[in-house]
Amino acid sequence: MTVVTRFPPSPTGFMHIGNARTALFNFLYARHKNGKFLIRIEDTDRERHSDEAVQVILEGLEWLGLDFDNTPESQYANKQRHIDVANELLAVGKAYKCYCTPEELAEMRETAKAEGRPTAYDRRWRDKEGPDDQPFVIRVKAPLEGTMTIHDEVQGEVKVDYENLDDLILLRSDGTPTYMLAVVVDDHDMNVTHVIRGDDHLNNTFRQNVIYDALGWDKPSYAHLPLIHGPDGSKFSKRHGAVGVGEFKEMGYLPEAMNNYLLRLGWAHGDEEIMSMERAIELFDFDGMNKSAARFDYAKLESLNAHYMKEADNDRLIDLVIPLLKQLHALDVSGSARTRLQAGMDGLKDRSKTLIELAQESRFYVSNEITYDPKGDKHLNTDSFPILNQLKGDLESLNDFTTAQIEATCRDVSDTIAGGKLGKVMMPLRAALTGTDKSPSLFEAAEILGQNEVLARLQSAIDHINK
RNA sequence: GUCCCGUUCGUCUAGGGGUCUAGGACACCGCCCUUUCACGGCGGCAACACGGGUUCAAAUCCCGUACGGGACGCCA
């Protein structure tokens with residue numbers, strides 16, 4: 001039988017990182033089994049629905065590379081089918097009309113809570129005929145006694161006594177189907193074989209199974225994944241910083257780093273930390289799944305991202321960093337600047353943990369307007385003045401402006417007028433060329449900038465000291 | 001309150017009765033490399049929640065306690 005998994009986001013306007021992880025696991029399992037990975041938009045709540053919100057989710061999936069095998073289905077579109085199913089159950093006596101008002105139910109719950117009893121609906125209309133002219137909801141008849149056992153792929157065997165389950169609502173008093181009904185019907189109709197979702201749904205599984213059983217349908221396999229918590233152990237929310245997939249993208253993380261991190265959060269294959277999507281598809285199974293919630297750790301994400309930055313193709317990084325240079329530093333990348341970036345990227349990408357950092361580090365290659373920050377400025381003073389002058393003269397006389405020649409020149413200046421301390425030469429030069437006190441290897445950077453530009457920047461630094 | 005789930009270094013985890021003086025990764029600390037900051041290399045710190053069982057033997061199995069999380073909607 002073909003494995004079919006599904007990702008059913010509700011269009012809330014952003015894609016929670018926890019949902020992204022759920023999507024990832026559904027994707028991986030489907031691909032691992034050579035099955036299908038489907039998308040269904042849970043838009044039964046029309047208030048919340050918007051095309052933009054759906055778009056945000058699809059963009060998130062695309063960014064992560066989680067391609068799916070259907071045109072995204074709308075749950076709302078299946079409304080009539082859900083209603084029909086509910087009416088069938090009513091017709092065969094497996095469901096019934098309940099005339100309780102919401103106020104009545106609220107009161108019922110409060111009383112039960114006060115008395116220390118379960119807050120479930122007390123089934124007062126289960127075997128009664130009601131006044132047909134009053135509003136009613138349709139509820140399933142759940143078994144009254146016994147125990148339901150589910151064999152969860154992650155959680156193992158979980159049991160709940162039927163007396164703790166109630167007769168949940170299938171159709172609201174306005175005739176619209178509830179989420180519980182819709183999910184069951186849609187999963188069945190889409191031939192979903194494996195329901196993989198957050199373990200906040202574990203309790204729902206029992207309620208949904210009641211519907212499956214009433215319908216006499218085969219139930220899917222279940223895998224309930226542990227949730228992601230914030231760094232402090234509580235529910236991962238806005239106050240922990242970023243929660244939406246789009247926000248992580250904006251923070252300069254690479255999708256492959258994101259996937260790798262999310263995968264390892266709750267799942268492991270021995271000591272393998274770094275794992276490509278291909279490898280993950282090959283290995284993924286529920287065996288490696290952990291049962292407990294994991295805390296989100298930005299530091300580890302960053303280190304993974306640093307790893308993938310080093311591995312990334314230079315042209316790809318350049319394409320990614322150009323919009324950031326514009327957006328963050330108001331810099332346009334000209335053709336010659338792009339050439340510099342290409343030449344310098346090997347030295348740049350090894351030192352950046354995120355694309356944001358990469359953009360910052362790239363600035364001195366892109367713009368010839370150097371502004372000295374305090375740390376750079378510190379090295380431009382009367383002590384370094386003669387050194388810069390000497391350097392300028394010596395570099396100007398070079399015929400081959402190559403890394404090796406530049407290095408030889410710097411060392412020579414260091415030996416003759418800086419007491420052999422190379423740092424005394426390099427730090428002022430670094431400040432002159434980059435405006436600050438840290439940068440990639442300067443011998444190479446100078447070659448990439450070119451002789452004219454290096455001399456111009458040295459002159460600017462000298463002028464700056466003179467002021 | 002009721003029901004369900006969980007608990008190995010600070011964090012993510014390996015571990016499925018003896019190979020555990022508990023392994024790896026991130027973070028942290030130190031050293032090396034070095035023109036700076038990084039990178040890289042080497043080394044260090046650091047954990048089986050607690051209490052009972054079962055067993056010749058328990059991080060691993062069972063029970064309880066504590067703590068943490070989740071669910072209890074005519075939301076999804």
Side-chain angles (χ1 to χ4, degrees), chain A residues 8-12 42-45 47-48 75 98 100-102 105-106 109 112-120 135-139 152 154-156 158-161 163-166 168-174 176 178-180 182-183 198-207 224 226-227 229 231 233-235 261 264-274 287-288 290-304 306 310 347 349-353 357 361 375 379 407 410-411 414 421-427 429-431 434 436-443:
Chain A
S10 48
T12 54
E42 309 267 287
D43 54 0
T44 50
D45 187 350
E47 310 266 313
R48 270 196 223 172
Q75 189 153 66
C98 164
C100 286
T101 62
L105 292 170
R109 274 191 288 273
K113 206 163 186 171
E115 292 172 9
R117 288 183 291 107
T119 54
F136 60 86
V137 299
I138 294 181
R139 314 183 83 117
D152 191 275
V154 174
Q155 305 295 333
V158 187
K159 300 177 178 192
V160 168
D161 292 333
E163 63 182 18
N164 293 315
L165 265 21
D166 64 1
L168 56 282
I169 294 172
L170 267 21
L171 249 38
R172 302 187 184 96
S173 54
D174 65 1
T176 59
T178 60
Y179 163 77
M180 290 293 171
V183 167
D199 72 10
D200 50 338
H201 282 281
L202 187 55
N203 291 284
N204 284 341
T205 306
F206 292 90
R207 323 178 97 214
H224 286 92
L227 265 20
H229 285 171
S234 66
K235 189 169 177 164
Y261 180 69
R264 281 291 335 244
L265 205 57
W267 181 86
H269 182 262
D271 287 338
E272 270 189 69
E273 296 279 346
I274 305 290
D287 292 348
N290 241 62
K291 294 173 99 174
S292 52
R295 295 184 187 199
F296 197 94
D297 181 11
Y298 283 97
K300 188 138 187 175
L301 205 211
E302 269 198 2
S303 96
L304 234 21
K310 289 192 192 82
K349 68 182 182 182
D350 278 5
R351 9 182 334 107
S352 307
K353 290 209 269 289
E357 285 182 21
E361 297 263 335
K375 288 182 174 175
H379 296 281
E407 174 165 2
C410 290
R411 289 192 185 281
S414 163
K421 302 232 183 210
L422 191 53
K424 293 246 181 217
V425 176
M426 299 312 286
M427 290 314 287
L429 178 60
R430 171 165 287 112
T434 70
T436 186
D437 68 343
K438 43 178 102 81
S439 79
S441 168
L442 276 188
F443 305 134

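Chain identifiers are assigned alphabetically (A, B, ...) following the order of the sequence lines, protein sequences preceding nucleic acid strands; residue numbering begins at 1 within each chain. Quick caveat: nothing in here was measured; it's all calculated off a predicted structure.
With sequence neighbours left out, A:Asp166 forms a salt bridge (charged side-chain N to carboxylate O under 4.0 Å, His left out) with A:Arg207. With sequence neighbours left out, A:Arg172 forms a side-chain hydrogen bond (donor to acceptor under 3.5 Å, both in side chains) with A:Thr176.
For the C1' atoms, the distance linking B:U54 with B:C62 amounts to 7 Å, nearest Å. Comparing the P positions of B:G16 and B:G68 gives an interatomic distance of 31 Å, to the nearest angstrom. Separating the C1' atom of B:C45 from that of B:C9 is a span of 10 Å, rounded to the nearest Å. B:G30 and B:C39: their P atoms are spaced 14 Å apart (whole Å). Here, B:U13 and B:C48 have their C1' atoms 13 Å apart, quoted to the whole Å.
Nucleotide B:C72 holds its P atom 12 Å from the CG atom of A:Leu202, rounded to whole Å. Rounded to whole Å, the distance from CD on A:Glu115 to P on B:G1 is 16 Å. Rounded to whole Å, the distance from CD on A:Glu273 to C1' on B:A14 is 10 Å. Protein atom CG of A:Asp350 is 6 Å distant from nucleotide atom C1' of B:C39, rounded to whole Å. One interatomic measurement links the two molecules: NE2 of A:His224 to P of B:G69, which rounds to 20 Å at whole-angstrom precision. What separates CG of A:Asn290 from P of B:C12 is a distance of 9 Å, to the nearest Å. Rounded to a whole Å, the NE2 atom of A:His229 is 13 Å from the P atom of B:U11.
No donor-acceptor contact under 3.5 Å links the side chain of A:Ser439 to the base of B:C37. No N or O donor and acceptor, one from the side chain of A:Ser441 and one from the base of B:U36, sit under 3.5 Å apart. For A:Asp271 against B:G23, a side-chain-to-base donor-acceptor contact under 3.5 Å is present. One can find a donor-acceptor pair under 3.5 Å joining the base of B:U35 and the side-chain atoms of A:Arg430.
Under 4.0 angstrom from either OP1 or OP2 of B:U11 there lies no side-chain N or O belonging to A:Lys300. Listed pair A:Arg172 / B:A76 meets the phosphate criterion, a side-chain N or O lying under 4.0 Å from OP1 or OP2. For A:Arg109, a side-chain nitrogen or oxygen approaches OP1 or OP2 of B:G73 to under 4.0 Å. Side-chain nitrogen and oxygen atoms of A:Arg117 include none within less than 4.0 Å of the OP1 or OP2 phosphate oxygen of B:G1. Between B:C37 and A:Lys375, no contact under 4.0 Å exists linking OP1 or OP2 to a side-chain N or O.
Nucleic acid contact class of A:Val160 (heavy atoms, under 4.0 Å, all strands): sugar-phosphate only. Residue contacts shown for A:Phe443 include a base, since a base heavy atom lies under 4.0 Å away.
Here the rule is side chain to side chain donor-acceptor pair (under 3.5 Å) with A:His224, and of A:Asp152, A:Asp200, A:Asp199 only A:Asp152 fits it.
Using the Watson-Crick or G-U wobble rule with both distances under 3.5 Å, B:C28 pairs with B:G44.
Nearest to the side-chain atoms of A:Lys113 among the listed nucleotides B:G70, B:A76, B:G1 stands B:G1.
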